[in-house]
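Written below as structure tokens is the structure these notes are about.
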Amino acid sequence: MMLKGREVTIYDLADKLNISIATVSRALKDDPVVSKRTKKKIIDLAEKLGYRSNHFASNLRKQKTNTIGVIVHELNSNFITSVLAGIEKITTEAGYDLIIAHSSESYAKEAANAKNLFHKRVDGLIASLSFDTKDLKHFRRFEEKGVPVIFFDRVEQTTNHAVVIIDNYKCGYQATQHLIEQGCKKIVHVTSSLKRNVYSGRYKGYRDALFDNGISFDESLLIINDLSEKAGIESAGKILDMKPLPDGAFITNDFVAAVCMRTLKESNIRIPADIAIVGFNNDAIGKLIEPALTTINYPGRDMGEIVARNLINHLQNKGNIDSINTVIVSSDLIIRKSSLKKNYKEVGD
């Protein structure tokens, strides 16, 4: 029978078996000094009484908790889910547990999460910044205690912190260039907060691709909103109000792109005949909508594995994230029917 109302301790086991506490402790650690017969008696009683090893207290004595903190800006995201899967794969193999917190795109909540994880004594921290994060001072306490921090996806590249990203500028340029090669001349850019590196990089790539092809930037073709379904519907509404209608759209999120496409189609806009569309992230939804969505492949699981591996290597003295600075994960354009305006025209309706 388990002892109700409190945790069973090694003192309880020792008392009931009338053996020393040291013997119980050694048996539970599978120390060969303890005979197999005695070890079995101790383990059997421990299971019967519901004894739980206090790894946390043990780890604190060793000045480590074998936990990694992770702060993400949202959880309702295919990309973030895939990153977390990559992180979890590597940390589990290395014997680390994860404590995951999300900021809900709030700087204040992100700072509170950082403080909470610091006091939980995580051995290291992995973070992706919220929309309105304006500085990194809430991570300073980790640095002062020698706790390694590595950022991914949404980062501040003006600091010396290790970051793992894709080349957002290159991807933005590539997506826009593809639309131009399909004959698009009036390309709307639907994006999110330009304060964040991911969106500012894609925006710069978009602008430079226009410039290199002799197309003037038109600020009225820039739509900035969040990444919600409501935002996708609003963005589609703004596109429908444009006269003449844009012939191309670079939308920096696949979910928003899918919502835009659905809304445009409800107004009898043909994709890609009337407007060619490129999304971003290579989420599963891109293959499910009709026409299938051209997108930038953003390998979240690979990014998660790279982030976690660099942090674990640092903790195990196999590497040093202080010398890493920036890791760029490979990404590429996946061409599907939503953007193939040229082929559509050649084949006809």
Side-chain angles (χ1 to χ4, degrees), residues 78 170-192 199 202-203 205-298 331-349:
N78 288 323
K170 177 187 169 188
C171 292
Y173 190 102
Q174 195 174 13
T176 309
Q177 182 67 31
H178 170 67
L179 288 169
I180 293 169
E181 288 169 359
Q182 291 298 311
C184 300
K185 291 182 168 53
K186 186 179 182 184
I187 302 170
V188 64
H189 183 39
V190 181
T191 189
S192 203
Y199 305 113
R202 295 168 200 177
Y203 169 63
Y206 158 78
R207 288 199 59 167
D208 280 2
L210 294 178
F211 179 83
D212 289 349
N213 286 276
I215 301 173
S216 299
F217 168 68
D218 181 348
E219 197 162 349
S220 69
L221 295 177
L222 176 64
I223 300 174
I224 299 174
N225 211 324
D226 60 36
L227 305 176
S228 65
E229 182 176 2
K230 180 172 175 281
I233 294 168
E234 288 173 356
S235 297
K238 289 179 181 178
I239 291 170
L240 289 167
D241 288 340
M242 295 176 180
K243 301 295 185 249
L245 189 76
D247 54 9
F250 169 36
I251 304 174
T252 61
N253 176 275
D254 281 350
F255 175 72
V256 174
V259 174
C260 273
M261 286 172 66
R262 183 192 67 192
T263 309
L264 292 170
K265 286 167 69 178
E266 286 168 357
S267 294
N268 298 316
I269 301 300
R270 299 169 304 164
I271 301 166
D274 297 323
I275 180 167
I277 295 179
V278 176
F280 207 107
N281 279 358
N282 193 26
D283 287 345
I285 196 170
K287 294 178 185 176
L288 301 176
I289 55 175
E290 178 59 39
L293 180 63
T294 293
T295 188
I296 296 287
N297 183 38
Y298 199 165
S331 54
D332 51 4
L333 181 70
I334 298 173
I335 299 172
R336 301 189 183 116
K337 289 183 179 179
S338 72
S339 64
L340 295 176
K341 181 188 282 282
K342 187 185 287 184
N343 288 6
Y344 193 95
K345 284 181 177 177
E346 288 171 358
V347 174
D349 290 0

Partners meeting side-chain hydrogen bond (donor to acceptor under 3.5 Å, both in side chains) with [X] (sequence neighbours left out):
{"X": "Ser220", "answer": "Asp218"}
{"X": "Tyr206", "answer": "none"}
{"X": "Tyr199", "answer": "none"}
{"X": "Thr294", "answer": "Ser339"}

Residue pair [X] / [Y], side-chain heavy-atom distance below 4.5 Å:
{"X": "Ile334", "Y": "Arg336", "value": "yes"}
{"X": "His178", "Y": "Leu340", "value": "yes"}
{"X": "Ile215", "Y": "Ile180", "value": "yes"}
{"X": "Ile239", "Y": "Val190", "value": "yes"}
{"X": "Ser331", "Y": "Asn297", "value": "no"}
{"X": "Val278", "Y": "Leu179", "value": "yes"}
{"X": "Pro246", "Y": "Leu221", "value": "yes"}

Hey, what do you get for [atom1] ([X]) to [atom2] ([Y]), rounding to the nearest 0.5 Å?
{"X": "Ile277", "Y": "Ile269", "atom1": "CD1", "atom2": "CD1", "result": "10.0 Å"}
{"X": "Cys184", "Y": "Gln177", "atom1": "SG", "atom2": "CD", "result": "11.5 Å"}
{"X": "Ile233", "Y": "Thr263", "atom1": "CD1", "atom2": "OG1", "result": "5.0 Å"}
{"X": "Leu293", "Y": "Cys260", "atom1": "CG", "atom2": "SG", "result": "10.5 Å"}
{"X": "Leu210", "Y": "Lys185", "atom1": "CG", "atom2": "NZ", "result": "12.5 Å"}
{"X": "Ser267", "Y": "Leu240", "atom1": "OG", "atom2": "CG", "result": "4.5 Å"}

> Only one of Leu222, Asn253, Ile223 clears side-chain contact (heavy atoms from CB on, under 4.5 Å) with Thr191; which?
Replying inline: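 It is Leu222, the one option of Leu222, Asn253, Ile223 that forms the side-chain contact (heavy atoms from CB on, under 4.5 Å) with Thr191.
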Verify, without hydrogens or angle tests, whether [X] (side chain) and [Y] (backbone) share a donor-acceptor contact under 3.5 angstrom.
{"X": "Lys341", "Y": "Gln182", "result": "no"}
{"X": "Lys265", "Y": "Glu290", "result": "yes"}
{"X": "Ser192", "Y": "Asn225", "result": "yes"}
{"X": "Asp247", "Y": "Lys186", "result": "yes"}
{"X": "Arg202", "Y": "Gly172", "result": "no"}

> What is the minimum heavy-atom distance between Lys337 and Pro291, and which atoms define it?
Replying inline: CB-CB, 3.7 Å
>> Show me the pairs that pass salt bridge (Lys or Arg N to Asp or Glu O under 4.0 Å) and involve residues 272-283, at least two apart or across chains.
In response: Arg270-Asp274
> What pairs meet the ring pair (Phe, Tyr, Trp, His ring centres under 6.0 Å) rule with one or both residues in residues 229-250, with sequence neighbours excluded?
Replying inline: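 Output for this query lists His189-Phe250.
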> How would you list, by chain and number, every residue that makes a salt bridge (Lys or Arg N to Asp or Glu O under 4.0 Å) with Lys243, sequence neighbours excluded?
Replying inline: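 If we apply the salt bridge (Lys or Arg N to Asp or Glu O under 4.0 Å) test to Lys243, skipping adjacent residues, there are no hits.
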>> Just to verify, what does Glu229 make a salt bridge (Lys or Arg N to Asp or Glu O under 4.0 Å) with, not counting sequence neighbours?
In response: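 Result, salt bridge (Lys or Arg N to Asp or Glu O under 4.0 Å) vs Glu229: Arg262.
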> How would you list, by chain and number, every residue that makes a ring pair (Phe, Tyr, Trp, His ring centres under 6.0 Å) with Phe280, sequence neighbours excluded?
Replying inline: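 None.
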> Looking at residues at least two apart in the chain, or sitting in another chain, which of them share a ring pair (Phe, Tyr, Trp, His ring centres under 6.0 Å) with Phe255?
Replying inline: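 With sequence neighbours excluded, Phe255 shows a ring pair (Phe, Tyr, Trp, His ring centres under 6.0 Å) to no residue whatsoever.
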> In this structure, are over 12 heavy atoms from other groups packed under 6.0 Å from Phe211 atom CZ?
Replying inline: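 Not more than 12 within 6.0 Å, no.
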> Cut-off 3.5 Å, side chains only: do Asp254 and Thr295 have a donor facing an acceptor?
Replying inline: yes
> Is it true that Lys230 and Glu234 make a salt bridge, defined as a side-chain N closer than 4.0 Å to a carboxylate O?
Replying inline: yes
>> For Gln174 and Asp332: C-alpha separation, side-chain torsions, deciding distance, then whether side-chain hydrogen bond (donor to acceptor under 3.5 Å, both in side chains) applies.
In response: CA-CA 8 Å; Gln174 195 174 13; Asp332 51 4; over 6 Å; no
>> What verdict does the side-chain contact (heavy atoms from CB on, under 4.5 Å) test give for Asn78 and Asn281, after you've listed the backbone C-alpha separation in whole Å, the side-chain angles of each residue and the deciding distance to 0.1 Å?
In response: CA-CA 9 Å; Asn78 288 323; Asn281 279 358; over 6 Å; no
